[in-house]
Amino acid sequence: MRRTKIAELLRTEPIDTEVLVKGWVKAFRNNQFIALNDGSTPHNLQVVLDFENTDPAVTDRIKFGAAIGARGQLVESQGKGQKVEVKASEIIIYGDCNPEEFPLQPKRQSPEFLREHAHLRFRTNTFAAVFRIRHALAYAIHKFFNDKGFYHQHTPIITASDAEGAGEMFQVTTLPLHKIPRTESDEIDFSQDFFGRATNLTVSGQLEAELAALALGEVYTFGPTFRAENSNTTRHLAEFWMIEPEVAFADLDDNMSLAEEMLQYVIRYALEHCADDLKILEDRLIEEEKTKPQDQRSEMSLTEKLRFVIDNQFVRLTYTEAIDILKNSSPNKKGKFQFPVEGWGTDLQSEHERYLVEKHFKKPVILTNYPAAIKAFYMRQDEAKEGVPGPTVAAMDILFPGIGEIVGGSQREERLEKLQARMKEMHIPEKELYWYLDTRRFGSCPHAGFGLGFERLVQFVTGMTNIRDVIAFPRYPGNAEF
RNA sequence: GCCUCAUUAGCUCAGUCGGUUAGAGCGGCGGACUGUUAAUCCGUAGGUCCAAGGUUCAAGUCCUUGAUGAGGCGCCA
C-alpha cells in the first residue's frame, strides 16, 4: 500500500478509505491518541488506537519523536480539534526514540538550546515552519525572475580576485600549512598552490554577473557567499546566501523598482502559500511578546507587518535628505543618539537607520546617492547637484524594520575613464580586474544591480530575531558544527 | 574586535543581607483514568550551583582570571 502524505490527506479528506501514513510522533495522549507529523504540513494527523486490542509491546514504543507508520480507515473525528482522524488497524515502528536521551521535549525550548542541537531542531514546529518558508521564498525568487525573463547564473565560489572590497575573505589553498613553500624573497609561493595563484571563497558574484548581464540582458545569481569578518551580531553570518540581479540598460530608479517589486512579490507569495506556517510563527511571537514590558511590544503582528510591507510603497530618499531629517530629529536635538549626526559625509550608524525606518517613516526606506567616499569603486558617479555638499554615487540601500540593510545595490559605473580613475583613487589594481574593465572597453552600457541577503529576507518573513535560526547550520566566528 | 549581561536538575527558571538539609514548573520514570488536544490526577527519581584561584569561621551568593552563551556596537547582505 502506498503512503499518503498528511498534507494531501488533509487537503482531499478521502473519508472512509484505507490509508497508510508515516511520520514522527508529536504527542501520545491517553494511551490512545497519536499526533503524527510527516513534515508535509505544520498540521498533525490524529491517529486513534484501539488501546485494548493493541499489543503493549507496541504502545510502549510510541514515544515523542519516534518514527512510525499507521494503516487504517480515515474517518470523521469524534473529538473536537480536527475534522478527520485515522482509526489505526496496524502500527509500524520504524525508529524508536528514547525520551530519556532525546534532547527535545514536547514543550517550548529556547532558540539558544535548539541551536546547539541544530541537527534535531528541524523536528520542532517552529523550525519546521522556518525551513518550509525558507524553501518557499527561494522558490518564489526563482519564479519571480524566471517569469520576468531573467537568467539564473552560477558564478564561481572559488575566486582569485581579492579586489572586490566586500570584506575579509577565506583563503582557499592546498599548500601544506605546516610547511608553506616560500619564494627567494620569503613570500608565500602560491605558484605551487592548486590554482597556481592565491585564491579565496567568493564574497560576491556581482562582478561576474555584470559580465553576463552585458550579453544576456537580465540575469541573477543565487548562491553561497563567504565573509571572514569577525561579526558577532543577530544579522551576520560567515556563510550566507545572496541573490544578485544585474540588469543591462537600467538606471538607479529601475534598480529600486525591481528590488521593491521583488521583495513585495516574494512576501506576498509567502503570505499566500505559507499561511499555516506563518500562523505558527506569529503565535510564537505573540507568546514571546507577553514576556516583554508593554512599551517594548510591537504594534503589529507578524502577518500584519508583512501585509503592511506589500501594501505600502517604500520611501525613497537621498542620503543628503536623510541627513537633514536626522539632524532635525528630536533624538538628535535631545542628544539621545549615541552617535550625534555630525553632518554630511559620514556613514549612518544603525541607530540612525533604525530611527528613519522604525520611528520617522515606519516603513521600508530606500536610501540613495551616498557620498562616493563611503561606497564601493564600481558605483556610478553622480553629476554634481545643488545642495549636495560633495560627490555622490548612484547607490541604494533598502532598510527594513528590525533587520536594517536587506538590500544593497547601485547603478554601475559604465564609463571606462571614470571607473579607472576611481580604482586608482582606491588603490584597486587594474591588472587583476582587466576582465571586468573589458566590459567597459567593448560595448559598455548603463546597467544596475543589487545584492539581497537571503537569510535577512527569511528573518523578516519568519520574524526570527537571530539570523542563526533561519539557516540550518549557521557558520559564524568560532562555530562550524554539523 | 569592543561594551553589557548571563551560566543552578534533562529543559525553563527562583534562590533574600554571605549562614546550617539548594527549590518550583515542565520533562522523565511508575501507577490511575480512557474521546484526548502541550490531556488530567497520584507517586517518584534527578544537582561537579560553568571552571580555576582567592577573601571569610562560613561562598550558589563577594573578588580575580578564563570558558561558553545572549544582547548591543563596528564590518555588511
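Lettering of chains follows the sequences in order, A, B, ..., and the numbering in each one begins at 1. We use all heavy atoms of the structure for the numbers below, so side chains are in, but hydrogens, waters and symmetry mates are not.
- For the P atoms, the distance linking C5(B) with U65(B) amounts to 13 Å, nearest Å.
- For the pair Tyr476(A) OH and A77(B) C1', the interatomic distance rounds to 19 Å; values are reported in whole Å.
- Phe113(A) comes within contact range of the sugar-phosphate backbone alone, with a heavy-atom separation under 4.0 Å but no base atom that close.
- The distance between atom CZ of Phe450(A) and atom C1' of C76(B), rounded to the nearest whole Å, is 16 Å.
- Checking G35(B), A77(B), C33(B) against every side-chain atom of Glu405(A), the shortest atom distance belongs to A77(B).
- Residue Thr234(A) is in sugar-phosphate contact alone, with no base atom involved, counting any heavy-atom pair closer than 4.0 Å across all strands shown.
- Looking at the side chain of Asn466(A), the nearest of the listed nucleotides U34(B), A70(B), G35(B) is A70(B).
- Contact between the side-chain N/O atoms of Arg235(A) and the OP1/OP2 oxygens of C73(B) is found at a separation under 4.0 Å.
- For the P atoms, the distance from A45(B) to C3(B) is 47 Å, rounded to whole Å.
- Counting distance only, with no hydrogens placed and no angle test, the side-chain atoms of Glu229(A) and the base atoms of G1(B) include no donor-acceptor pair under 3.5 Å.
- Comparing the C1' positions of U55(B) and U12(B) gives a spacing of 33 Å, expressed to the nearest Å.
- Note on Pro106(A): a base of the nucleic acid sits closer than 4.0 angstrom, heavy atoms only.
- Set against G69(B), A77(B), G35(B), the side chain of Glu112(A) has G69(B) as its closest nucleotide.
- Distance from the side chain of Asn230(A) is smallest for G1(B) among the nucleotides G1(B), A77(B), U36(B).
- Note: CG (Leu36(A)) to P (A38(B)) measures 16 Å, nearest angstrom.
- The number of heavy-atom neighbours closer than 6.0 Å to OH of Tyr139(A), taken from other residues, nucleotides and ligands shown, is 12 or below.
- Remark: Arg456(A) fails to qualify as a cation-pi partner of Phe400(A) under the 6.0 Å distance and 45° angle criteria applied to the six-membered ring.
- Within the 4.0 angstrom heavy-atom criterion, only backbone atoms of the sugar-phosphate kind lie near Lys63(A); the bases stay farther away.
- Comparing C26(B), G35(B), A38(B) by their nearest atom to the side chain of Arg29(A) picks out A38(B).
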_Would Phe145(A) and His152(A) count as a ring-ring contact (aromatic ring centres under 6.0 Å, His included) here? Give the steps._
CA-CA 8 Å; Phe145(A) 283 121; His152(A) 179 204; 9.4 Å; no
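- One N or O donor and one acceptor, one from the side chain of Gln105(A) and one from the base of G10(B), sit under 3.5 Å apart.
- Of the candidate nucleotides A70(B), U36(B), C29(B), U36(B) has the atom lying nearest to any side-chain atom of Ser77(A).
- Listed candidates were C75(B), C11(B), G28(B). Nearest to the side chain of Lys107(A) is C11(B).
- The side chain of Thr233(A) lies closest to C75(B), out of A77(B), C75(B), G35(B).
- Using a 4.0 Å cut-off between charged nitrogen and carboxylate oxygen, Glu261(A) and Lys148(A) count as a salt-bridge pair.
- Nucleotides A67(B) and A77(B), compared at atom P, are 31 Å apart to the nearest Å.
- Between Glu8(A) and Ser40(A), the side chains place no donor N or O within less than 3.5 Å of an acceptor N or O (distance only, hydrogens not considered).
- Proximity of Asn30(A) to the phosphate of U34(B): no side-chain N or O atom is located under 4.0 Å from OP1 or OP2.
- Base-pairing analysis of RNA chain B finds the following stems of at least three consecutive Watson-Crick or G-U pairs, with both pairing distances under 3.5 Å: B:1-7 with B:67-73, B:10-13 with B:23-26, B:28-32 with B:40-44, B:50-54 with B:62-66.
- Within 4.0 Å (heavy atoms only), Gln338(A) reaches no atom of the nucleic acid at all.
- Considering Glu208(A), Glu218(A), Arg412(A), Gln153(A) in turn, Arg412(A) is the only one that fulfils the side chain to side chain contact (heavy atoms under 4.5 Å, CB included) rule with Glu246(A).
- Within 4.0 Å (heavy atoms only), Gly408(A) reaches sugar-phosphate atoms of the nucleic acid but no base atom.
- Residue Ile403(A) is out of contact with every strand shown, counting any heavy-atom pair closer than 4.0 Å.
- Salt-bridge annotation for Arg121(A) and Asp469(A): present, with a side-chain N of the basic residue lying under 4.0 Å from a carboxylate O of the acidic one.
- Regarding contacts with the backbone of G74(B), a side-chain N or O of Ser350(A) is found under 4.0 angstrom from either OP1 or OP2.
- Checking U36(B), C75(B), A77(B) against the side-chain heavy atoms of Arg227(A) singles out A77(B) as nearest.
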